[in-house]
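Down below is the structure, laid out as structure tokens.
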2 protein chains.
Amino acid sequence: MQKDKKIKPVPEPTIKRLPVYLHYLNKARLEGVINISAPTIAGELKLDPTQVVKDLSFTGIKGRTKIGYNIYELIHYLEEYLGFNKTNNAFLVGAGNLGSALMAYQAGQSLGLKILAAFDISADRIGEKTGQVNVLHMNNFGEMVKRLNVSIGILTTPEHVAQEMAEKMIACRIKAIWNLTPAYLKLPENIIVQNTSMYSNVAVLLKRLEESDVVI
Amino acid sequence: MQKDKKIKPVPEPTIKRLPVYLHYLNKARLEGVINISAPTIAGELKLDPTQVVKDLSFTGIKGRTKIGYNIYELIHYLEEYLGFNKTNNAFLVGAGNLGSALMAYQAGQSLGLKILAAFDISADRIGEKTGQVNVLHMNNFGEMVKRLNVSIGILTTPEHVAQEMAEKMIACRIKAIWNLTPAYLKLPENIIVQNTSMYSNVAVLLKRLEESDVVI
DNA sequence: AATATTTAAAGAAAATTTTCTTTATAAGAA
DNA sequence: TTCTTATAAAGAAAATTTTCTTTAAATATT
Ligand SMILES: NC(=O)c1ccc[n+]([C@@H]2O[C@H](COP(=O)([O-])OP(=O)(O)OC[C@H]3O[C@@H](n4cnc5c(N)ncnc54)[C@H](O)[C@@H]3O)[C@@H](O)[C@H]2O)c1
Ligand SMILES: NC(=O)c1ccc[n+]([C@@H]2O[C@H](COP(=O)([O-])OP(=O)(O)OC[C@H]3O[C@@H](n4cnc5c(N)ncnc54)[C@H](O)[C@@H]3O)[C@@H](O)[C@H]2O)c1
């Protein structure tokens with residue numbers, strides 16, 4: 001129940017920084033930090049202090065002059081704002097190398113998502129269990145979505161079946177797809193797609209490296 | 001040998017989009033496309049046509065009125081500009097779940113990087129071979145960097161050793177680190193670090209999903 | 001108690017990035 | 001040939017995002 005006078009949309013760069021703050025704060029909390037100021041966070045993460053203040057203000061938290069933020073409160077506000085405290089159930093499609101890594105990963109660290117089950121078509125994979133996640137046959141996908149009321153799908157199939165599997169997912173009432181394949185998915189407007197391209201990160205790295213080489 | 005009158009720095013969003021174009025174009029080429037226009041690319045990738053033109057112009061390519069770009073030429077310019085045609089040799093540190101996925105991945109599809117070897121400290125991993133990449137003991141890292149003259153490191157260790165291993169990497173003359181751990185690395189200014197946070201992508205997905213739920 | 005200092009918060013300014021507009025041009029149609 | 005149309009390219013404008021500036025408040029110090 002938020003009462004915003006003007007609907008200020010959150011900048012996407014802010015959304016992307018918030019989990020970085022959260023991760024850092026969790027680490028600082030374990031080290032016994034109780035109060036933490038924006039300039040301190042900014043110093044650690046090499047960001048502008050006022051940007052940190054602006055970013056954090058979106059969560060609704062109030063800081064205290066000369067003290068900063070209470071770290072527990074701040075973590076709570078961030079988790080609440082990001083939806084990381086809710087259990088965001090997800091199904092994974094394509095339990096291969098990358099898919100299995102994600103399954104193993106979320107077992108230990110919380111990624112904001114909870115992978116309830118994985119789906120594949122390969123007999124080698126079906127029946128396997130990685131990090132407490134069972135791999136089921138893709139045929140059971142629709143039924144399981146209904147049963148567990150899941151609305152998030154993680155797509156880690158080979159690229160050539162990505163479009164087809166994405167369509168199957170939404171036919172089964174999946175509303176949001178985290179697409180880790182390089183395929184550009186063509187889906188209805190109302191479906192939320194988050195593409196994660198490893199290429200893009202490599203490209204930035206190579207460009208920066210090239211720039212630095214030229215300078216020397 | 002570039003002769004730029006004014007040094008226009010490439011916008012980072014542009015760098016991130018270029019590999020997406022490249023990937024799409026390679027697919028279109030296989031489907032027999034010879035010439036392709038910016039509006040066509042934009043339509044496929046849901047981008048603004050003029051943005052596509054601007055982005056592509058950074059590679060130095062010249063398009064033709066009413067025709068667009070020659071797809072072979074365009075792919076060549078993009079690969080050249082991104083450095084994807086050179087062999088960018090890299091070493092991977094931490095041959096676990098994610099590391100192995102990356103090793104297996106680059107075997108098939110070119111990621112712009114060539115992982116020459118992986119390094120680990122676990123006896124279980126050392127001696128293994130994933131997608132033509134051998135896993136060696138971390139003790140050999142320094143020697144191998146010298147021998148093969150590698151300047152890019154991929155960091156996929158557990159978070160708690162990430163800082164330490166990053167420092168070891170740069171002590172061995174690694175110049176650029178692709179950091180896939182959630183750790184925020186504190187390294188000298190001259191070292192290039194590209195952080196890839198899965199959290200950030202999940203955060204954007206969850207926010208978009210939340211927004212859409214509210215609207216309904 | 002008085003003062004100096006650190007900080008969050010809000011707003012302004014600057015920088016960056018995207019979108020819009022205009023222009024030139026070449027291809028295809030009439 | 002002439003006209004229409006689609007497009008790249010360049011520049012202007014708009015939107016977004018970051019950085020800077022000011023203010024006010026509360027803490028810690030003297
Ligand atoms: N491995 C990486 O590091 C990496 C990095 C970036 C992107 N990707 C992308 O992630 C995707 C998966 O990569 P990967 O290395 O895990 O490949 P993979 O071949 O190891 O895994 C793909 C899995 O999908 C399954 N599958 C195939 N068709 C299916 C279908 N119709 N329905 C359900 N499951 C199906 C396969 O059986 C397999 O288990 C690819 O699109 C790849 O481009 C991978
Ligand atoms: N698995 C994923 O999907 C995923 C996603 C996002 C981020 N990450 C991050 O990637 C990193 C690796 O994740 P993972 O799931 O592959 O973990 P993992 O435990 O499977 O792999 C880590 C590997 O690093 C090795 N290692 C440990 N200490 C080392 C050292 N000092 N030097 C060299 N190697 C060492 C281990 O032996 C192991 O093989 C983690 O930081 C994780 O947070 C993983």
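Naming convention: chains lettered A, B, ... in sequence-line order (proteins, then strands); numbering from 1 in each chain.
Among A/Val20, A/Ile15, A/Thr196, the one residue that satisfies the side-chain contact (heavy atoms from CB on, under 4.5 Å) test with B/Ser200 is A/Val20.
Under the 3.5 Å distance criterion, with hydrogens and angles disregarded, no donor-acceptor pair is assigned to the side chains of B/Ser197 and B/Asn195.
A residue-by-residue look at B/Gly68 and A/Thr65 shows that B/Gly68 has its nearest nucleotide of DNA chain D further toward the 5' end. When each of B/Asp48 and A/Ile61 is assigned the nucleotide of DNA chain C bearing its nearest heavy atom, the one mapping closer to the 5' terminus is A/Ile61. Across the interface with DNA chain D, nearest-nucleotide mapping of B/Ala38 and A/Glu12 shows B/Ala38 to be the residue nearer the 5′ end.
Judged by the 6.0 Å distance and 45° axis criteria, B/Lys146 is not positioned over the aromatic ring of B/Phe141.
Protein chain A contacts DNA chain D from D/dT17 to D/dT27, reading 5' to 3' and using non-hydrogen atoms of the protein with a distance under 4.0 Å.
Heavy atoms of A/Ser37 sit under 4.0 angstrom from primed sugar atoms or phosphate atoms, though from no base atom. Heavy atoms of B/Pro39 sit under 4.0 angstrom from primed sugar atoms or phosphate atoms, though from no base atom.
Side chain of A/Gln194 to main chain of B/Val202: no donor-acceptor pair is present (N/O by atom type, distance under 3.5 Å, no hydrogens or angles).
When the P atom of C/dA8 is taken as reference, atom CD of A/Glu73 falls 13 Å away, rounded to whole Å. The separation between A/Gln51 atom CD and C/dA8 atom P is 14 Å, rounded to whole Å. One can place NZ of B/Lys66 at 5 Å from C1' of C/dA27, the figure rounded to the nearest angstrom. If you take NZ of B/Lys54 and P of C/dT22, they are 15 Å apart, rounded to a whole angstrom.
The two atoms that bring B/Val145 and B/Phe91 nearest to each other are N-CE1, 3.6 Å, heavy atoms only. What you find for B/Tyr199 and A/His23 is that their closest heavy atoms are OH-CD2, 3.8 Å.
Comparing atom distances between the A/Tyr69 side chain and each of C/dA9, C/dT25, C/dA27 picks out C/dA9 as nearest.
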